[in-house]
Amino acid sequence: MYIVLVASECAPVAKVGGLGDFIQGLAKELQARGHRVELVLPKYDSLRYDLMPDFHKLETQIWSPCYEENVPCNLYAGSVEGVHCFFLDPQSPHQFFNRGALYGQPDDAERFAFFSRAVLEFLISTQRQPDILHCHDWQTGLIPVLLYEAFQASPLQHSRACFTLHNLGHQGVTGDYALRLVGLNPAVLMRPDRLNHHDNRGGVNLLKGGIVYANFVTTVSPHYAWEIQNTELGMGLQPVLRTHSNKFGGVLNGLDYSVWNPATDPLIAQPYNAEQIAEKSRNTQALRDKLGLQAAHKPIISVVSRLDWQKGVDLMIHALRFALANDSQFVLLGAAMDKDTERRFIALQGEFANSPDCRLVLEHNEALAHLFYAGADFILIPSLYEPCGLTQLIAMRYGTIPIVRKTGGLADTVFDANYSEQPFEQRNGYSFDEMTLLSLESALRRAIGLWHEYPDYFQQLRLNGLHCDHSWAVSGQHYVNIYEHILATA
Ligand code: ADP
Ligand code: GLC
C-alpha cells in the first residue's frame with residue numbers, strides 16, 4: 001500500500017507530546033512492513049533541522065488557496081528516522097509556520113486549514129495518488145472533508161481517509177471563515193450532522209469534520225473509545241461518535257522500541273535490561289547527581305508531563321507534598337501549557353529550591369526525560385482523562401512503576417498490584433479511580449509502602465512492567481487491517 005501520514009507533529013523533528021511519538025512510530029512500523037510511507041508536515045521555523053542532515057529544498061513549487069488568493073508554497077524534504085518527509089512552506093505575509101512554536105497562535109485554525117488544503121494540492125501537483133491518507137487531530141480534520149467535497153473529480157478520487165483522534169480536548173472550533181479560506185462552502189457544511197459545532201450555531205468544528213467525512217476513525221485506546229461515546233469525556237461529540245460507530249474503533253498506541261530501549265539508550269547513564277535490572281540503580285544515582293538530590297534510602301517518585309489541566313496538575317502538586325512527608329523523593333520534568341500553570345510551578349520550584357529530596361525542572365527536555373524514566377522508581381500520571389498516554393508505557397519499558405488514574409489508555413495498560421483481576425504476572429503498577437486527594441494518597445501510600453517494606457515484591461512488579469509488550473507490532477497490524485478494510489469497501 002501507499003500510505004501518506006499527515007500531521008502537525010513528528011518526533012524528533014517536531015514534537016510537543018505523544019502525537020509526535022505516534023507519527024514517528026507508526027510511520028516506521030508501516031515502512032518496515034514493506035509499505036510505501038511518506039509524511040507531510042508544515043515547515044515550522046522551530047523544526048529540529050539539525051536532526052535531518054539530508055534536509056533540502058525541492059525545485060517544485062505548489063499553489064494553494066487562502067481566501068481569494070492563491071499562495072505559493074515552497075517544498076522541502078528530509079528523512080525523519082528513515083521515513084521520507086515533506087515540509088510545506090507557504091510564501092505569504094501571514095508567516096503561518098514561522099511563529100517560534102507549533103501551537104497557541106490566535107490564527108491556529110487558519111494556519112492548519114491552509115495546511116490541510118495545501119497537502120492535497122501538493123499530492124496532486126507531484127502526481128501522488130496514495131491509497132491511504134492517514135490524518136491526525138483537528139489540525140488535519142479538513143482533509144477528509146476536502147477529499148470528499150472538493151477533490152472527487154481529481155486524481156485523488158480513489159484515496160481513502162483514515163482519521164485518528166488523539167485528544168478530544170482540542171477540537172479546532174472556529175468560525176466559518178476557516179471553510180471559506182480553503183474554498184469550501186459553509187452553506188453546505190454548517191449543519192449539525194456535518195461540521196457545525198454542537199453548542200455554537202455559528203461555530204465550525206474541524207475535528208468533527210474529520211469524524212464525519214473520514215472512511216474510518218480511530219482513537220488511541222479501546223477504553224477511551226468507549227469513554228468518548230458514552231461519557232462526558234466525549235466533550236460534546238458523543239452523539240456524532242455514536243452515529244458513526246460502525247466506522248469507529250480504539251487501537252492502543254505502540255511505542256517505538258528502538259528509541260525507548262534501556263539496553264541501548266545513549267541518553268542514560270548506564271544501559272540495563274530485565275536480566276541486569278540492578279544496573280538501573282546507577283541511573284538513579286545519576287539522576288540524583290544531575291538534579292542535586294541527596295543519596296537517601298527513599299524511592300523516587302517522578303512526573304514527566306506537559307503541565308496542562310488534562311494531566312491533573314492539582315493532584316501532582318498534592319502528590320509532591322505527600323511524597324516528601326512520606327519518606328520519598330519527588331522529581332518533576334514538565335513544560336507548562338499556559339501562563340497561570342507556569343506561575344504556579346515556578347512558585348513551587350522556589351518553595352522547594354533547597355529541599356534535598358525534591359526538584360522541579362520546568363522545561364521540555366528530551367534527554368533529561370530519558371534519565372527520568374531510567375532513574376526513577378515510580379512515575380505518577382494522575383490525568384483527568386488520557387486518550388492513551390505514552391509515559392506509562394515508556395516508564396514500564398524502563399522498569400519504572402506507574403501510579404495512574406484509571407482512565408482511557410491508562411486503564412487499558414496499567415493493572416493494579418493489589419486490586420487488579422489480572423493474574424499476578426500481568427500486574428504492573430498502581431491505579432486509582434476517583435479524582436480525589438484521598439484516592440491518590442491511597443495509591444501513593446501503597447506504592448511507597450511496597451518500596452520500603454517489600455523490596456522483593458517491588459522488584460517483581462517492576463519486572464512485570466518490563467516484560468509487557470507495547471511495541472508497534474500489534475498496533476501496526478491493526479492499522480494495516482483498517483486500511484485494507486476501507487480500500488476494499490470503497
Ligand atoms: P501527551 O501527548 O498528552 O502529552 P503522552 O503520554 O502521549 O501525553 O506523550 C508525552 C510524550 O512527551 C512522551 O514522549 C514524554 O516523554 C514526552 N514529554 C512530556 N513532557 C516532557 C518534558 N517536559 N520533556 C521531555 N519530554 C516530555
Ligand atoms: C495525545 C493524548 C495522549 C496520547 C497521544 C498520542 O496527546 O493526550 O494520551 O498518548 O496523543 O496518541
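Positions are given from 1, in the same order as the sequence printed here. In each ligand, atom 1 is the first atom listed, and ligand 1 is the first ligand listed.
Under a 4.0 Å heavy-atom criterion, Lys15 is in contact with ligand 1. In this structure, His166 falls outside the shell of residues with a heavy atom less than 4.0 angstrom from ligand 1. In this structure, Gly334 counts as a contact residue of ligand 1, since one of its heavy atoms falls inside 4.0 Å of the ligand. The shell of residues lying under 4.0 angstrom from ligand 1, judged by heavy atoms, includes Tyr373.
Pocket lining of ligand 2, defined as residues with a non-hydrogen atom under 4.0 Å away: Gly18, Leu19, His166, Asn167, Val220, Asn253, Gln310, Glu386, Pro387, Cys388, Gly389, Leu390.
Atom 2 (O) of ligand 1 has Gly18 N, 2.5 Å as its closest protein atom, hydrogens excluded (heavy atom only). With hydrogens left out, the protein atom closest to atom 6 (O) of ligand 1 is Leu390 N, 2.8 Å, a heavy atom. For atom 20 (N) of ligand 1, the nearest non-hydrogen atom of the protein is Ser305 C, 3.4 Å. Closest protein heavy atom to atom 4 (O) of ligand 1: Arg306 NE, 2.6 Å. The protein heavy atom nearest to atom 24 (N) of ligand 1 is Asn365 N, 2.9 Å. At the top of the distance list for atom 23 (N) of ligand 1, counting protein heavy atoms only, stands Glu363 O, 2.8 Å. The shortest contact between atom 27 (C) of ligand 1 and any protein heavy atom is with His364 CE1, 3.6 Å.
Aromatic ring pairs are classed by plane angle as parallel below 30°, tilted from 30° to 60° and perpendicular above 60°; the pair Tyr479 and His134 is tilted. Between Phe458 and Phe378, the ring-plane angle classifies as perpendicular under the 30° and 60° cut-offs.
Residue Ala369 has at least one heavy-atom neighbour below 4.0 Å for each of these atoms of ligand 1: 25 (C), 26 (N). Interface of Leu333 with ligand 1, defined as ligand atoms under 4.0 Å from a residue heavy atom, comprises 22 (C), 23 (N), 24 (N). For ligand 1, the atoms sitting less than 4.0 Å from at least one non-hydrogen atom of Ala335 are 23 (N), numbered in the order shown with element in parentheses.
Counting non-hydrogen atoms of other residues, nucleotides and ligands closer than 6.0 Å to CZ of Arg282 gives a total of 12 or fewer. More than 12 heavy atoms of other residues, nucleotides or ligands sit less than 6.0 Å from atom CD of Glu363. Residue-environment remark: NZ (Lys15) exceeds the threshold of 12 foreign heavy atoms within 6.0 Å. Within a 6.0 Å sphere centred on NZ of Lys298, other residues, nucleotides and ligands contribute more than 12 heavy atoms. Remark: Asn354 CG is loosely packed, at most 12 non-hydrogen atoms of other residues, nucleotides or ligands lying under 6.0 Å away.
Of the N or O atoms in Ile394, none lie within a sub-3.5 Å distance of an N or O in ligand 1. Below 3.5 Å of separation, one finds an N or O of Lys311 facing an N or O of ligand 1. Considering backbone and side-chain N/O of Gly17, none are found under 3.5 Å from N/O of ligand 1. Considering backbone and side-chain N/O atoms, Asp21 comes within less than 3.5 Å of an N/O atom of ligand 1.
Annotation: cation-pi pair Arg397/Tyr257 present, NZ/CZ under 6.0 Å from the ring centroid and within 45° of its normal.
A salt bridge links Asp314 with Arg344; the closest basic N to acidic carboxylate O contact falls under 4.0 Å.
Donor-acceptor pairing under 3.5 Å is lacking for the side chains of Gln426 and Asn464.
A ring-centre distance under 6.0 Å is not found for Phe163 and Trp138. Aromatic pair Tyr373/Trp260: ring centres closer than 6.0 Å. Remark: aromatic rings of Phe87 and Phe55 are close, center separation under 6.0 Å.
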Going through the distances and angles, do Arg111 and Gln139 end up as a side chain to side chain donor-acceptor pair (under 3.5 Å)?
CA-CA 9 Å; Arg111 297 167 69 219; Gln139 289 87 349; over 6 Å; no
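Leu165 is listed as a side-chain neighbour of Phe248, based on a closest heavy-atom distance under 4.5 Å.
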